[in-house]
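The shown structure was predicted, so the numbers you read here are calculated from the model rather than taken from an experiment. Per chain, numbering begins at 1; letters A, B, ... match sequence-line order.
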Amino acid sequence: MIRHLTTGLLAATAFTIAGAAVAQDANVTGTVNVIGFSGVFAENYETFIISAFEEQYPGIDVVYQPSRNSAETLALLTLQKGDPTVDVALIDVAVGIRAAQEGLTAALDPNVVTNLAETPDWARIEGDRSIAFSQDNLAILYSTNTVTEPPTSWNDLKDPKYAGRIAARLADTRGVILIPILNKMAGADYKETIDPAIAAMNEFAPNVLTWDPAPDCYAVVQSGEVDLSICWNGRAQYLHDTQDGVIGIAAPVEGSIGQTNTINLIEGSRNAEAAQLFINYALSAEAQATFAEKSFYGPVNSTVELTDEVAQRIYGSKEAQDAQMTLDWPFIATVYSDWIQRINREVIAFN
Amino acid sequence: MTTSDRKGNRGILLLLLLPGLLALGVSFVAPLLWLLRASFSTSALGGADGSWTLANYADVVLDPFYWRVAGNTLNYGLTVAAFAVVLSYPIALFLARTTSRWRGVLTALAIAPLLTSGVVRTYGWMVILGDQGVINGTLQALSLIQTPIRLSNNFLGATIAMIEILMPYAILAMLSGFGRLNTQLEEAAAMLGANRLKVFWRIILPLSLPGVITAALLVFVLAISGFVTPRLMGGGRVFVLGTEVFQEATVTLNLPLAAALAMLLLVLFSSVIVIYRRALRALEA
């Protein structure tokens, strides 16, 4: 009885404290300036994440500013170092790591950003100075007009029937992600050697029409210029739904890896308190589940449960889902430019 | 005119120059100096906070790949300049010599492509030269070829598009450099028994050479600094300094290396301009 009473009391106390904390949070006012990806991402992020957050925290205004790419965001953050107008930046993980190492981002407070507890270790980068919040899988897009038998494996890229019919932009994160995938297929560890992956790339290289599809890796499939394109899943799913299904998406059975997006609190932010509340919401299971469902970006929060249909559209078949990989991004950051250099010099320059 | 008057004039002259100099200083000289500083920086982001180093230049100079890229760039510039000048010369010569009342209209037509941006015209060339483009489509429809000929996504495509895109500049430069052409000299030569070919070789060509050299220089400089056309038409296979600077600055985020490569490009420019001035002086002499 007494034990129950104690538990009850403790629970009540905890509840009151928690209640006070929420009430106190809800009183936080200010503006959070977020800079992040542009296009459909921006639209979905504003509609499904920012609006929902502002409803919960009526005192906080979130202003979203799209940036053309993470390199440009990094340049802006560098310029503003010490006196930033940006509070939160959404950037590619490789850039996020760089920003953290340059002291451009600040460590989060786990007492405010409580959802860090639900964020896996690999996603808490550089001592919580950069947190992965979503992943966009690398996939093989195909034209449903010309390809009757959709590819199922990364090995299908080598099929001679696709001679001169593949678009593969590999001299950026796409190539850096493909290396560990091809390496795993050859049974090698990317931390030791990437020779097997480079050899595998050279096997499908003769099929490649362009290493730099213009305007992008989606449009060349839509226009029929190529049959296959190595590209990102999220935007392809959106284009599939909105552009008459010309773009089909194949998630190879050997599994894939996501281009990882990070959320970062900017060092010296004048609205750090409100910004961290926003980051906490962005890392919540609720926000990540919604974004997964609307944008087909894989969630990072470990408590998110996806429906079968959504999981299928993000990761592919059950087999592919089981084979899904994550990377040691801080390690990748140290080899990122070397790997791109090797792709450029040992694959593209000869094909 | 007294000395004080002259001094006053010079003051006014300086005053008039000031806005232009300021604009140049802010928009050109300052960024260039910043770039120079970045190329010697140890800070990965190229900020002024890093200490000084020669490592970025060592990376460029000691790497055979960049020598190849520099070679490619020179080759690209020379090829484009040669073809653009040869193709533009007859047009410019015609426009300079014609007495037709349509001369103004024809000149406007020749340089009208400049009204559209190079990006748009590059996309036009992608449509024409692509695997399913106008040329391959026609040849396939006529059963002259079975599989498409690779005319784009390579050095050839990037070169063809760049030649056409830069031709209006070549024509303009030649027109302004043809000032010394004089039909009376041609008539005199003809009267002294020279045939038309001889007139061309001995009179027209030498007199038009300054215009030709200016045009070649202009096209060369624009071609080796080109980024959009090699990138869009090259299919990732055309490695020139412009595309490498972009790659280092935006993909691998090595701003100091990008800055060092940009400086290398600047050195290339400067040496070509020195050669140009020497050549022009030799011609004048």
message: Please find the pair of heavy atoms, one from B:Thr252 and one from A:Ser337, that lie closest to each other, and give the distance.
response: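 The pair with the smallest heavy-atom distance is CG2-CB, 3.4 Å.
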field: Minimal non-hydrogen separation, B:Ala249 against A:Ala71, with atom names
entry: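 Shortest heavy-atom contact: O-CB, 4.4 Å.
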Rounded to the nearest 0.5 Å, what's the gap from [atom1] on [X] to [atom2] on [Y]? Could you check?
X	Y	atom1	atom2	value
B:Gln247	A:Gln341	CD	CD	9.5 Å
B:Phe65	A:Asn344	CZ	CG	5.5 Å
B:Asn153	A:Glu225	CG	CD	6.5 Å
A:Arg98	B:Asn254	CZ	CG	7.0 Å

Residues forming a side chain to side chain donor-acceptor pair (under 3.5 Å) with B:Thr250, sequence neighbours excluded: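 For B:Thr250, no residue satisfies side chain to side chain donor-acceptor pair (under 3.5 Å) once neighbours in sequence are set aside.
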- prompt: B:Arg68, B:Arg231, B:Glu248, B:Met126: which one forms the most heavy-atom pairs within less than 4.5 Å of chain A?
  reply: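 When all of B:Arg68, B:Arg231, B:Glu248, B:Met126 are compared, B:Arg231 has the most.
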message: I want to check something: taking the side chain as every heavy atom from C-beta on, are B:Leu253 and A:Tyr336 in contact at a cut-off of under 4.5 Å?
response: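 No; the side chains remain at least 4.5 Å from each other.
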task: Counting only heavy atoms closer than 4.5 Å, note whether B:Asp63 contacts chain A via side chain, backbone, both or neither.
output: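 Side chain only.
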Region of A:Arg68 that comes under 4.5 Å of a non-hydrogen atom in chain B: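 Interface part for A:Arg68: neither.
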query: Tell me, side chain or backbone of A:Asp172 under 4.5 Å from chain B's heavy atoms, or both, or neither?
result: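 Contact with chain B involves both backbone and side-chain atoms of A:Asp172.
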query: For chain B, which residues from residues 205-219 of chain A have at least one heavy atom closer than 4.5 Å to it?
result: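 The list, in residue order, reads A:Val208, A:Leu209, A:Thr210, A:Trp211, A:Asp212, A:Ala214, A:Pro215.
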